[in-house]
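Notes follow once the structure below has been shown.
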Amino acid sequence: MLGSVKRYLEYCKRCGFCIVKCPVSQVFDGLETFSPRGRVLLLYGMSMGELKATISIAEKLFSCTLCGYCTIKCPAGLELEELFSSGRRTLNNIGLVPGEIAEISRRILESGNPYNAPLEEREFWTNYIEEAPRRRGSVALWLGCTTAYRRMDTCAAAYSLLKTLGVDVAIVEDERCCGAPLYYAGYLKEFKDFLKQAIMRVMNTGADTIVTPCPSCMRAFKEYSAKVGLNHGLKVYHLVEYLGKLYLVKPIPRFELEARVTYHDPCELGRHLGIYDEPRKLIESVRGVRFIEMNASRELANCCGGGGLYLAVDPDNSIKIAVRRLEDVPPNVEVLATACPSCEVMLSIAVERLEADIEVLDIADLLWRALSK
Amino acid sequence: MENRSVLELLKSTLGENKVLCSLENLYVYGFDATPVYRGKPMAVIRAYSTEDVMKVLTIANDYAIPVVPRGHGTSLTGAVIPVEGGLILDLSPMKRIEVDVENGIVVAEAGATIGEVNAECRKYGFFFPPDPASAEVATVGGALATDAGGMRGARYGTMRNWVLAMKVVVPGGRVLRLGAPVYKWRCGLNLLHLFVGSEGTLGVITEATLKMLPLPEKIVRLLALFETVDEAVTAICSIRRRALNPLILELLDESTIKSVNEVFNLNMPEVGAAVIADVDGPKEAVERLGKEMAEVFEECGAISVRIASDEGEMEKLYAARRGAYPAVSRLYPIVLIEDIVVPLSKLAEAIRRIKELSSKYGVAIVVFGHAGDGNIHPCICMSSRDEESMRLAEKVFYEICRIAIELGGTVSGEHGIGLQKVHALVEELKYRESSWLLEVMREVKKVFDPKGIMNPGKFFMRCRKCWEV
């Protein structure tokens with residue numbers, strides 16, 4: 001079953017460097033089966049025929065935010081996040097998927113989004129803008145499910161920012177899930193179908209470029225598409241990356257906001273996509289902002305707990321991870337900015353839980369507020 | 001009483017959530033960081049306090065159930081492999097750390113990592129001197145149980161030099177409070193140090209009071225390249241004879257340099273050996289010491305010497321040493337790490353003989369380590385896990401141990417004996433005409449552990465070959 005990764009697994013030296021910063025391992029007080037090394041050993045055991053694949057093992061493989069911190073710590077250079085995704089796919093193929101994951105996948109397949117929300121609600125955010133959004137343009141703004149349903153203000157801010165900065169931006173008609181959660185859940189065929197539809201919808205706008213505020217969607221279009229043989233030829237950018245480019249080449253309006261701001265690096269945008277500088281440049285470009293680096297940042301940023309579908313599998317511990325992440329916020333910070341809707345949701349829950357006096361904002365919201373002021 | 005009944009008793013005493021019996025838990029806790037040893041416990045117990053440990057050792061002693069204490073399982077010798085089943089006592093949840101600035105001490109529970117201890121000390125301008133390469137993940141309990149050292153061993157020695165007091169639970173559940181939280185302590189036999197390096201065979205360390213030091217004002221790092229290992233070792237000996245007192249003094253041989261170049265594209269000149277040295281102290285003094293050290297390197301024939309005093313440059317000079325183990329890890333699936341110590345005057349000869357073994361058996365052996373205290377880590381690298389390869393690896397492993405013994409050294413400087421070096425320990429004691437010491441050790445064990453439940457099958461109890469486990 002896992003024969004193809006067996007040789008790869010043999011390179012694991014079991015040194016344990018992967019376990020200490022693993023957010024899931026931390027909330028389980030270092031319990032080995034919930035650590036990256038434990039997951040590697042479970043995969044190894046199954047590949048050697050020493051362990052039978054069970055739903056309990058599947059639960060361990062899905063108890064992972066796929067944050068990739070283990071990968072950067074691995075002396076043997078193993079791509080652990082990819083290894084765990086591959087393990088999930090293998091178990092999914094034989095029907096071993098935790099109930100919560102099967103449920104979220106079912107919702108996506110049936111309603112086109114993980115929240116089971118009506119499609120017409122997807123564009124409620126357009127009420128926040130003054131005119132009807134454009135449907136054709138050279139740049140398609142792909143919002144993603146969490147931004148569209150859970151962060152309507154961010155949708156409006158992203159669209160308005162691009163428009164104000166003179167971008168020929170269009171909204172994707174009938175946007176649905178890009179399929180990224182299906183990829184994380186191991187439903188590769190279904191992921192491919194969803195991504196194919198998403199690409200077609202983007203192409204219907206006449207755009208040759210996708211800009212999205214969601215790092216998961218970005219990875220689906222940019223990385224996972226190649227893994228399932230969908231070579232679309234579209235240019236794909238995260239919103240902060242694209243705004244960063246504009247900032248370099250175009251004179252843009254002056255942003256202004258008095259605030260002490262820090263920035264949480266989303267794992268998918270940072271460790272996985274290597275985008276670290278652009279969000280910082282954008283925040284620092286706002287006049288009046290005092291940018292303060294978070295205590296664990298860039299490649300060493302701690303996870304918010306929301307990635308890899310972990311929130312669905314274990315919401316309590318997922319939120320505990322977000323609460324722990326707040327410990328990295330320097331004192332006297334007023335705004336905790338980020339560039340991922342899932343991170344924003346998780347960190348907002350944590351702020352609420354702690355009754356912390358800090359506002360969590362997507363960079364798009366921060367910039368739009370600075371521009372509108 | 002049947003095992004099942006003992007488990008029920010443990011569950012009712014500790015709580016269900018602390019006693020784990022699922023197949024996947026038993027499987028993953030059967031490994032450590034060695035490539036060959038495996039075991040299977042009957043249960044994994046998660047200890048959250050000294051009281052938990054007391055309860056476990058009471059029940060285990062009553063029913064003669066083996067107990068293997070374990071931190072993060074980073075042992076390089078098989079020391080935490082449950083070879084006779086029994087209970088894995090996982091101390092990793094015990095992570096409390098308290099710094100006492102006024103008295104220059106830090107109190108840490110067994111499951112806190114050395115890295116976490118250091119991070120806490122740093123908040124107050126201090127550091128904890130021992131720095132095993134695995135400091136980020138190695139726990140205080142494990143580091144004490146193996147008497148771990150690290151690069152700063154050239155100056156600061158191993159864990160035993162930095163522990164003032166310990167809380168230890170012995171079979172039957174009694175708590176021993178060994179040592180005292182003061183810098184001097186003379187009270188009969190030194191039982192504190194008896195437990196340091198005992199590898200969990202006498203009892204369970206649950207808490208330690210450690211000394212810490214103020215952070216140095218400045219560190220200067222040097223990288224010296226030599227055409228031959230002999231010249232590098234001559235330089236190391238020369239430095240040790242002078243009042244330069246290096247913080248670290250690390251050696252990398254040509255095969256290590258080639259490995260890091262291959263994996264990390266460092267473009268380092270592939271010379272016979274490289275030495276990395278740190279000196280620390282007040283700013284004015286340390287710069288002078290750095291220059292003096294550079295002069296010694298040059299006098300001893302260094303091809304080039306670079307000095308770095310800012311953090312970026314220091315990191316660059318350190319890249320090859322930091323990358324040594326990752327490089328061999330990426331190149332070979334099986335890496336057996338040696339831990340021999342030889343007198344400094346014999347270091348060059350030891351490395352020469354190790355290289356001869358490499359040629360003789362056609363096995364890649366990469367040599368790097370803490371040459372400043374004569375402790376090196378030759379890595380035997382194999383491309384396959386098959387039995388023939390493993391037998392050959394073990395043969396080479398023991399021959400390297402023999403070289404250390406014959407040169408007046410020892411088979412382990414900081415990793416311990418575990419399962420891996422049982423034969424080597426026996427041979428070393430025999431060579432020193434001290435075989436009877438094993439009998440003394442067995443008698444000492446009986447005092448604390450009359451039923452022999454603590455980490456059975458380990459160093460002085462039984463001889464095993466790695467493929468037999």
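By convention in this document, chain letters (A, B, ...) are assigned in the order of the sequence lines, proteins followed by strands, and residues within each chain are numbered from 1. Keep in mind that what you see is a predicted model, and the values were worked out from it rather than measured.
- For the pair B:Tyr325/A:Lys13, a side-chain contact is recorded, criterion being any heavy-atom separation below 4.5 Å from C-beta on.
- Atom NZ of A:Lys227 sits in a crowded spot, with more than 12 heavy atoms from other residues, nucleotides or ligands closer than 6.0 Å.
- Listed by sequence position, the residues of residues 297-324 of chain A in contact with chain B number zero, using a 4.5 angstrom heavy-atom cutoff.
- Atom OG of B:Ser383 and atom CD of A:Glu10 lie 11.5 Å apart (nearest 0.5 Å).
- Annotation: B:Asn17, atom CG; neighbour count of heavy atoms from other residues, nucleotides and ligands within 6.0 Å is above 12.
- Of the residues considered (B:Pro35, B:Pro326, B:Ser329, B:Ala33), B:Ser329 shows the highest number of contacts with chain A, using heavy-atom pairs under 4.5 Å.
- Salt-bridge formation is not detected for the pair A:Glu50/B:Lys40: no Lys NZ or Arg NE/NH1/NH2 atom is positioned less than 4.0 Å from an Asp or Glu carboxylate oxygen.
- Of the listed residues B:Arg46, B:Glu136, B:His72, the one with more heavy-atom pairs under 4.5 angstrom with chain A than any other is B:Arg46.
- The closest side-chain heavy-atom distance from A:Leu31 to B:Tyr29 is below 4.5 Å.
- No more than 12 heavy atoms of other residues, nucleotides or ligands lie within 6.0 Å of CZ in A:Arg290, so this atom counts as exposed by the packing criterion.
- Taken to the nearest 0.5 Å, the OH atom of A:Tyr11 stands 8.0 Å off from the CG atom of B:Leu331.
- Using non-hydrogen atoms only and a strict 4.5 Å limit, the part of residues 61-74 of chain A facing chain B consists of A:Lys73, A:Cys74.
- Of the listed residues (B:Asp90, B:Asp32, B:Val328, B:Val263), the one with the most heavy-atom contacts under 4.5 Å to chain A is B:Asp32.
- B:Ile88 contributes atom CD1, which lies 10.0 Å from atom CD of A:Glu32 (distance to the nearest 0.5 angstrom).
- The part of B:Arg70 that comes within reach of chain A is its side chain, from C-beta onward, which places non-hydrogen atoms under 4.5 angstrom from that chain.
- The distance from atom CZ of A:Arg14 to atom OH of B:Tyr37, rounded to the nearest 0.5 Å, is 12.5 Å.
- For B:Thr34, the part sitting under 4.5 Å from any heavy atom of chain A is the backbone (N, CA, C, O) and nothing else.
- Counting non-hydrogen atoms of other residues, nucleotides and ligands closer than 6.0 Å to CZ of B:Arg385 gives a total above 12.
- Using a 4.5 Å cut-off between heavy atoms, B:Leu76 makes no contact with chain A at all.
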Show every donor-acceptor pair shorter than 3.5 Å between a side-chain atom in residues 16-29 of chain A and any protein atom, with sequence neighbours excluded, or say none if there are none.
from    : atom 1 : to      : atom 2 : distance (Å)
A:Ser25 : OG     : A:Ile19 : O      : 3.4
A:Gln26 : NE2    : A:Val20 : O      : 3.1
A:Asp29 : OD2    : B:Tyr48 : OH     : 3.0

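- For B:Ala324, the side chain to side chain contact (heavy atoms under 4.5 Å, CB included) partners are B:Thr256, B:Arg321, B:Phe368, not counting sequence neighbours.
- Within a 6.0 Å radius of CZ in B:Arg96, more than 12 heavy atoms belonging to other residues, nucleotides or ligands are found.
- Per-residue heavy-atom pair counts under 4.5 Å with chain B were compared for A:Thr33, A:Leu78, A:Ile57, A:Thr54, and the maximum is reached by A:Thr33.
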